[in-house]
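Below you'll find the structure, written out as C-alpha cells, and then a few comments.
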Amino acid sequence: MTEFIQQILNGLSLGSIYALIALGYTMVYGVIQLINFAHGEILMVGAFAAFFAITVWGANIFAAIIIAMIASSLLGVVIERVAYRPLRNSGRLAVLITAIGVSLLLQNGGLMVFGTDFRAFPRVIENTHYKFFNGSITITSYQILIFTVTVVMMLILQYIVQKTKVGKAMRAVSWDKDAAKLMGINVDNIISVTFAIGSAFAAVAGVLLGLYYNTIYPLMGLMPGLKAFVAAVLGGIGLIPGAFAGGFLLGITETMVSGYWSTKWRDPFVFIILILILIIKPSGLLGREEKEKV
Amino acid sequence: MVYKCFGRGRVMNKWAKVVGLLVVLLALGLAAGCGGGGQEEAKDTGDTIKIGVNYELSGEVATFGSHTKDGIMLAFEEINANGGVLGKKIEPIVRDNRGIADEAMSVATKLITEEGIVAHLGAATTGCTLAAVPVCMQYKIPLLTTSATNPDVTVDPKTGETREYIFRTCFIDPPQAIVGADFAYNDLKARKVAIYYDNTNDYSKGLAVEFEKAFEAIGGQVVATEGYGKDDEDFRPTLTNFSKAGADLIYVPGYYQKVAKIISQARELGIKLPFLGADGWDSPELVSIAGAENLNNTYFTNHYSSSDPSERVQNFVKAYKKKYGSVPDSFAALGYDAAYLIVDAIKRAGSAEPEAIKEALAQTKNFEAVTGTLSFDEKHNPVKEIAIIEMVDGKQVLKTKKAPKS
Amino acid sequence: MALLEVKQLSKTFGGLEALKNFELSLEKKELVGLIGPNGAGKTTVFNLLTGVYKPTSGTFYLEGKCLLGLKPHQITSCGIARTFQNIRLFGDLSVFDNVRVANHWYSSYPVANAVLRLPSYFKYERRMSQRAYELLEIFNLLDKKDELAKNLPYGEQRRLEIARALAAKPKVLLLDEPAAGMNPLETKELMNLISWIREEFNLTILLIEHDMSLVMGICERIIVLDHGEIIAQGTPEEIKRNPRVIGAYLGEEAV
Amino acid sequence: MLSIKDIDVYYGAIHALKGINLEIKQGEIVTLIGANGAGKSTTLRTISGLVHPKKGTITFEGQDITRLPAQKIVELGISHVPEGRRPFAKMTVLENLELGAYLRKDKDGVRKSLERVFEYFPRLKERMYQKAGTLSGGEQQMLAIGRALMSKPKLLLLDEPSMGLAPILVQEIFKIIKEINEAGTTILLVEQNAHMALQIADRAYVLETGRIVLSGAAEELAETEAVKNAYLGG
Amino acid sequence: MDKQRLWLNVGVAATLAVVYFAVDWLIKTGIITPFQQLNLYLIGINIILAVSLNLIVGFTGQLALGHAGFMAVGAYISAVLTTKIGIPFLPATLAGALAAALMGIIIGLPTLRLRGDYLAIATLGFGEIVRGILINIEYVGGAAGLIGIKQYCTWPWLFFWTLITVLFIKNFINSTHGRACIAIREDEIAAEAMGINTTKYKVLAFSIGAFFAGIAGAIYAHYFFLIQPNTFSILKSFDALLLVVFGGLGSLTGSIIAAVFVTLITALLQDLAQLRMVIYAVLLIIIMIFRPQGLLGTKEVTFEVLCKKMGGTTWHCSK
C-alpha cells in the first residue's frame, strides 16, 4: 500500500511537469490552433537562460526564473513573428512543417551554441526529504515545489483567460479573428501576448525540469515536449483544465507501468492507453465532442 | 490595362521573393563555408593523407561523437605539428551522421568513393558503425571504431569470421563485464546484485547480459534486472523495487547523464548501496549532475582514468584541457588513441595505401596508448588492461587495473 | 402507400427537444414545403432523414423499407438525396467532378480495374461522364465544367449543389433553403427549374425555404414547424391565413 | 461623414470592387443592394479595414482611414455587424457585449450602453449568461447588432441583418434598425431583401459585379423599372 | 481521342524505358558514383513514402503521423523473412507490405472517428507503439536492430517498385475511388450524403498508403544492410510529411519533385558537418514561408501541361 502511495506521489511530480509544459502548448493551440512543435525548445532556451543567469551572473533562483521567462517570451514572440505569422492564412500543415523546422533549428542551433554536453543545473534550492510511515514514503521538497507551481500556474492561466480583458480578447481571437478585429481587438498583438505567456510558462517548466533532473541539454525539450503534447491532446487540446488532467494522467500511468510492470513496455503501453482513450472519447478527456453543424 | 499591370506586379513580386531566397541561401552558404573551412586543415590535396571522420555530431548522441571528434582532431593537430607521417600531413575529413544508420552509410560511401580517404574513423555508436562496416568492407578501406562495443562489429555473426578491415580501440562488452563482476565479487564482496540497464541501448544491454553471466559464473546471484528507456527521467519506482529485492550492489551499465540521475535519486530515496558501472559513466558532468557526496561508494570500469599519474595520460589531459577547456572523457581518449594508432600503422606500413594500413593495424602489438597498452587479438579487438575507478568526493581515483580473466 | 412515411420522429440534444413527434407522408411526385422560424427544427428533420443524426425515437420508411439506423451513404443509395443550407460543395474539385462523385455509389467498379486500367474502367468512367454532362447541360453549367467549384459565383454554386444531388439518382430530394441569397429574378428561375426537374426526373421534393414567394409559389402543401412541433399544415392559401402561423412566423405585414 | 473615392479591391486575382464611389451623410440610412457576389459585403469589409483597397481613398469625418487597421477604425466610431452574425459562440451573451466595448475605458458609459442595448433587445437581457452559440438565429442577430452598438459607433455597418430569418423577425429587426438610426446613429445597410431595405433607407446604391450602376433616393429607386425587375421581383 | 491516349501512353512508356536502361548502363559503367547511387535509392524510397502518404494526407485529408510505423513493419517483416527464414526478396517484400497494409486497417478502423489533430496524435502513438515493441523483441535484435541483411535491392527492383507505386496511386486517384477520397477531404458530411462510404474509403486510403510504406521499408532494409527501431521514429514520419507538404498536398508530381529535391539537398549539405541541420532547418522554414501551398499546390505536371507550357500543340484530350 505504501508503495502504491509512493508510486502515485512519483507519478504526481512527473505529471506536474507534463502538465506545466502542456499548459503552454494548449494555450497557444487554443488561440491559433497551431501545434507549436517548438514549445519544447522554447523550454530548453528558458532553462539555459536560467542556467547562465545563475552560473555566470550569480543570480538567485527567482531572478533566474524571471530572466528565463523574459528570454523565452521574447523567443516565442520572435518565432511567431518570423515563422508563423506569414503563414497565418495558409494551410495548417504548412505551419506544422514550419514549426517542425523551428524546432529543428533551435535543437541544432542549441547544440552548436551551448555545446553537446549535458550540463549540471545548479542546486540552488535545498532538496529536503520528508519521510512518512517509517521512511517508506518519501516526498522531496522539489516534488512539492513542482506540484505547487503547476497548480498555481494553472489557476493563474485560468484566471487570465476567463476573467481578464486580455483573456477575453484571446478567446474572441480564437473563435473568429475577423469578428475580433471588428471589436477593435488588435489580433496580432493578442497572438503575440499569447505566445509570450505560453513561452513564459515553458520557461518555468524548463527551470523546474533542470532543477528536478539536475541536467540541461540542448535536446532536453524534445521528449518532454512531445509527451506534453500528448498530454494536452489526451485532456482535450485547447482546454486548460484538460492539459492539467492529461498531464497528471500521463505521469501517473507512466510511473505505474514502470513501477508495477516494466519500464521497457512503458512507452508502448502509454500510447496504447492514449489510443484507447481517444477511441472512447474522441476529443480527449475533458473535450466536448462538437458535431459539425450541418 | 489594369489587369495587365496587376499581372506584372505579381511577377515582380515573385522575382523579388526568388532573389530574396537566393540572397539568404548565399549568405548561409558563405557562413557554412567559413564554418566548414575552420574544421578542415590545409586542403592542398596530393600531399596529404586523407582520413575520414564519420561521427555523431548532432542528434541525440551528439555528446559522444563530438567528444571523440575533439580527441581525434587534437591528435591529428599534434601529428601535423610534428611533421605529419611519411612526410605528408594528415587531412581529416569530418562529417556528421546525425546518429542515424543510413546517414552513417551515406557518409562512409561519400568519404570513400568521392573524397578518397585511406582509412575511416568512426562511428561512436554501434548502430552507425554497423552501417559503415559493409561499405568499408566493400571498398577495402580499414575502419577503426572508437566506441562501438558490439562483438558483431568486427566479427560476422553468421560465419564467425573476423571482418578483415574492421578494428576497434575500445574493449568489447565481455571483458569489461568480466572485470566488473570480478571486482564486485572479490573486492566489494557483493553476493546479490540488481542490474539496471538502458533498454534502448545495445551497449548497455550487452554489458548487462555479460555481467550477469560472469557474476553468476563466479558464484554470485542476480536478484533483479530492469531496463530503462532513453527518455526516462524518473527512476524512483524501480529503485524502490530494487532495495526491496535485497540487493547489496546495483550494477548500472549506462551513460552518465542517466546514471547520475539514477544514483542521485537512489540516494534521495535513502538507498546507500554501492553502485558499479562501466565506461559510459566517464564524464565530468557525472559529478555535477549527481552531486559529489551521492557518488561516494560508486565504482566504474573504464578505458583510462584522467587521474592516472602516467606521463602519457597527463600529457594528453593537459593538451586537451588547453585546447578545449575541459577534462577529456573516455570518448576523447579513445578518439585520440585511434588517430595515433592509424598514423602509427601508416608509419609501420611505410605506405598510406588502405591495404597496407590494414595489414599494419592487424599486427599492432603493445601500442602505447592513453587508454593502455594495446594489442589486437585475432578478432581485431584490443587486448588491454581495464581501469577501475572509484568516485571519492567527486574525484575520480584510480582504484586498480585488472586484466580480464576469461 | 406513400413514398416516404415518417412516424413520430423525435430528436433531443442534451435535454433540448429539437423535434417532437414529427409526422410526414409524402406521395410520389409531391412538392412539399417546410417552413418555420429559425431553430424550429427544419434542418433537424433533414439531418434525421439523411442519417446525419440518429433520432431519439420514431422511425421512417421509404417505399415501405425502414431506413432507421442506416448510415447516410446507405440512405442515399436507398434514394434520398439532399442539398445543404450552407452549400457544401467539394470546393477543390472541378464542377464536373463534383457531379461525377455523386454517381459513385451506383456506377462504381473494383479498385483493381481502376489501377490496372481494365476496359470496364473506361466503360464506367465514360458512363459517369456522360451522365454528368447531361446534368450540367440541364443546369446550364456545362461551360464551367472545368472550373473549381469554389470559384463559381454563389447562384451557380446553389445550382451545382442541386445538380450534384440529382446525380445521386434520388427518389426523394431534400432542398435546404435553395433560394437563400438569391435575388427575386434568380429565385424565379429557380422555381421554374425545380418544377421542371420534378417532372423530368419523377421526383418527390421536400424543401425548406424562407422566401415565401417561392414556397407559396410552387409547393402543393406546406408544413409549419415551431419549437420542434408541427403547428400547421395545408395548402399555401390555408397556411397564409392560419393565425398561429402568422403569430409565430409570418407576421402581420406579410399577409 | 463617410466618403469613398474610386476604390479598387482585389481578393487574390479576383477584382471584387471596381472604382466604387460612395457618400454617406450624418444621420442617414444608406442601403447597398445588389446580387450575390456584386461586392456589397466587400464594400463594408473595406470600410471597416478587414480588407484594404489597391487604390482609392476612404475618408471618415475628414480623416483618411484607407490604410488604417481594423481596430483603429473601430476606435474612430465605425462599427461593423458582419454577415452571418458571427457571435463568439463559446462566450456568454454578456461577454460578447463586453467585447463590443473592448476599446472603451469609461466604465459608466459602458454600463449605459449596455442598458440601452437591453432596452432595444430585452431578450438578450433574459439570456445574459447563456452561451451565444445556444441562441436562435434571430437572437444571434440581435446580439451582433447589440455588440456593435456597445462601441457607441457614429456609423453602423450592417451586413444582411435579415439573412435566414423568419419574416416576422425580419420585421422586428428592421424596426429596431430604424429606432437606432432615429437615436442618432448613421447606418450603412447591405441587404438582400431589397424590398425591406428600400422601405427604411433614405438613399440607396445598386451594385452589380463590383460597380455602382444606380444610386439615388430610396423611394425613387424603388420606382425604377430596372430595380423593380431585378431586385423587387417585379 | 483513344488514339491520342495510346500515343501518349506509348510515349510515356518509351521515356520510362529509356530512363531505366540509361541509368542501368550508367550504374554498370560506374559513371553514377556509389554515393550518387545511394542517393538514388534514397530518392526512390522517399518518392514511395511521399506518394503513399500523400494519398492519406493530401488526397483523403486525414492527417497521419505514423507513416514510419508502417515503414518499420514492412522493413522488419521482409528482413526477418529474407535473413532468418531465407525467403526470396520479392515474396518477402510483398509479405512485409501486406503486413503493413493490415496494420493500416487495424489502426485505421478504430481511429477513423478521430479528426484532425486527434487523429494525428493517435497515429503518432501508433508509430511509437511499433517502435517500442520492436525495441523489446530480442528476436529482431531489439534496440541494436537487425543486422546482416543482404543487399537484395538492386536498381531494377528500385525502379520497378517506385514505378508501381506511382502508377498505382495515380490510377487510383484518377478513378471514381480517388474522387471519393478527395470528396472526403473536401467535405466529409457532403461526401457521405452523396452516397460515399467514408469509413471504407478512409480505411482503403490508409491501407494502400501503409502497403507502399511497407514496400519502402523493405527496400530500405535490403539496401542499408541493417534496420534499427530508432530509424523509424517520429522524425521519419515528419520527414515523409514534410515531403508531402513541400510538394503540395494532393499533387503526386509535387511529392516526387519534393522527394528528389529534399534528398539532394540533404546530400549536398552533408559536407557541412554540424552546420548541416541548422541550414536544413532554416531552408525548411524559408521555403514554407515562401510557398506555403507547396511547390505545386494541388496541380500536377503532366505531359499535357508540359506541352502547353512549351508552346507545343495542345492536346484536346477531354477526359
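Throughout, protein chains are lettered first and strands after them, A, B, ... in sequence-line order, and every chain is numbered starting at 1.
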Original post:
So what's closer than 4.5 Å to chain B heavy atoms on A:T255: side chain, backbone, both or neither?
Top reply: both
Original post:
Which atoms form the tightest heavy-atom contact between B:T63 and A:Y217, and what is the distance?
Top reply: OG1-OH, 3.7 Å
Original post:
To the nearest 0.5 Å, how far apart are CE in A:M220 and CD in B:Q257?
Top reply: 13.0 Å
Subject >> Contact check, side chains of B:K258 and A:Y213, non-hydrogen atoms, under 4.5 Å >> reply: no
**OP:** Evaluate the side-chain proximity of A:Q143 to B:E268: yes if any heavy-atom separation is below 4.5 Å, no if none is.
**Re:** no
Original post:
For the residue pair B:L57 and A:T116, what are the closest heavy atoms and their distance?
Top reply: O-CG2, 4.2 Å
Subject >> Proximity breakdown for B:S326 and chain A, heavy-atom pairs closer than 4.5 Å >> reply: neither
Original post:
Looking at A:N10, A:L219, A:L111, A:L14, which makes the most heavy-atom pairs under 4.5 Å with chain B?
Top reply: A:N10
Original post:
Between A:Y260 and chain B, which part of the residue has a heavy atom less than 4.5 Å away: side chain, backbone, both or neither?
Top reply: neither
Subject >> CG on A:D117 to OH on B:Y256, rounded to 0.5 Å >> reply: 5.5 Å
**OP:** Take atom NZ of B:K323 as the centre, draw a 6.0 Å sphere, and report whether it contains more than 12 heavy atoms from other residues, nucleotides or ligands.
**Re:** yes
**OP:** Check each atom of A:R123 against the heavy atoms of chain B and say whether the ones under 4.5 Å are side chain, backbone, both or neither.
**Re:** side chain
**OP:** With a 4.5 angstrom heavy-atom cut-off, could you sort out which part of A:W261 is near chain B: side chain, backbone, both or neither?
**Re:** backbone
**OP:** Provide the closest heavy-atom pair for A:S258 versus B:T238 in the form atom of the first, atom of the second, distance.
**Re:** O-OG1, 4.3 Å
Original post:
Top residue by heavy-atom pair count (under 4.5 Å) with chain B, among A:M256, A:R119, A:Q107, A:E254?
Top reply: A:R119
Original post:
Counting only heavy atoms not in B:K321, do more than 12 sit closer than 6.0 Å to its NZ atom?
Top reply: no
**OP:** Measure distances from B:Y197 to the heavy atoms of chain A and classify the residue's part below 4.5 Å as side chain, backbone, both or neither.
**Re:** side chain
Subject >> Partners meeting salt bridge (charged side-chain N to carboxylate O under 4.0 Å, His left out) with B:E212 (sequence neighbours left out) >> reply: none
Original post:
Side chain, backbone, both or neither: which part of A:N108 has an atom under 4.5 Å from a heavy atom of chain B?
Top reply: side chain
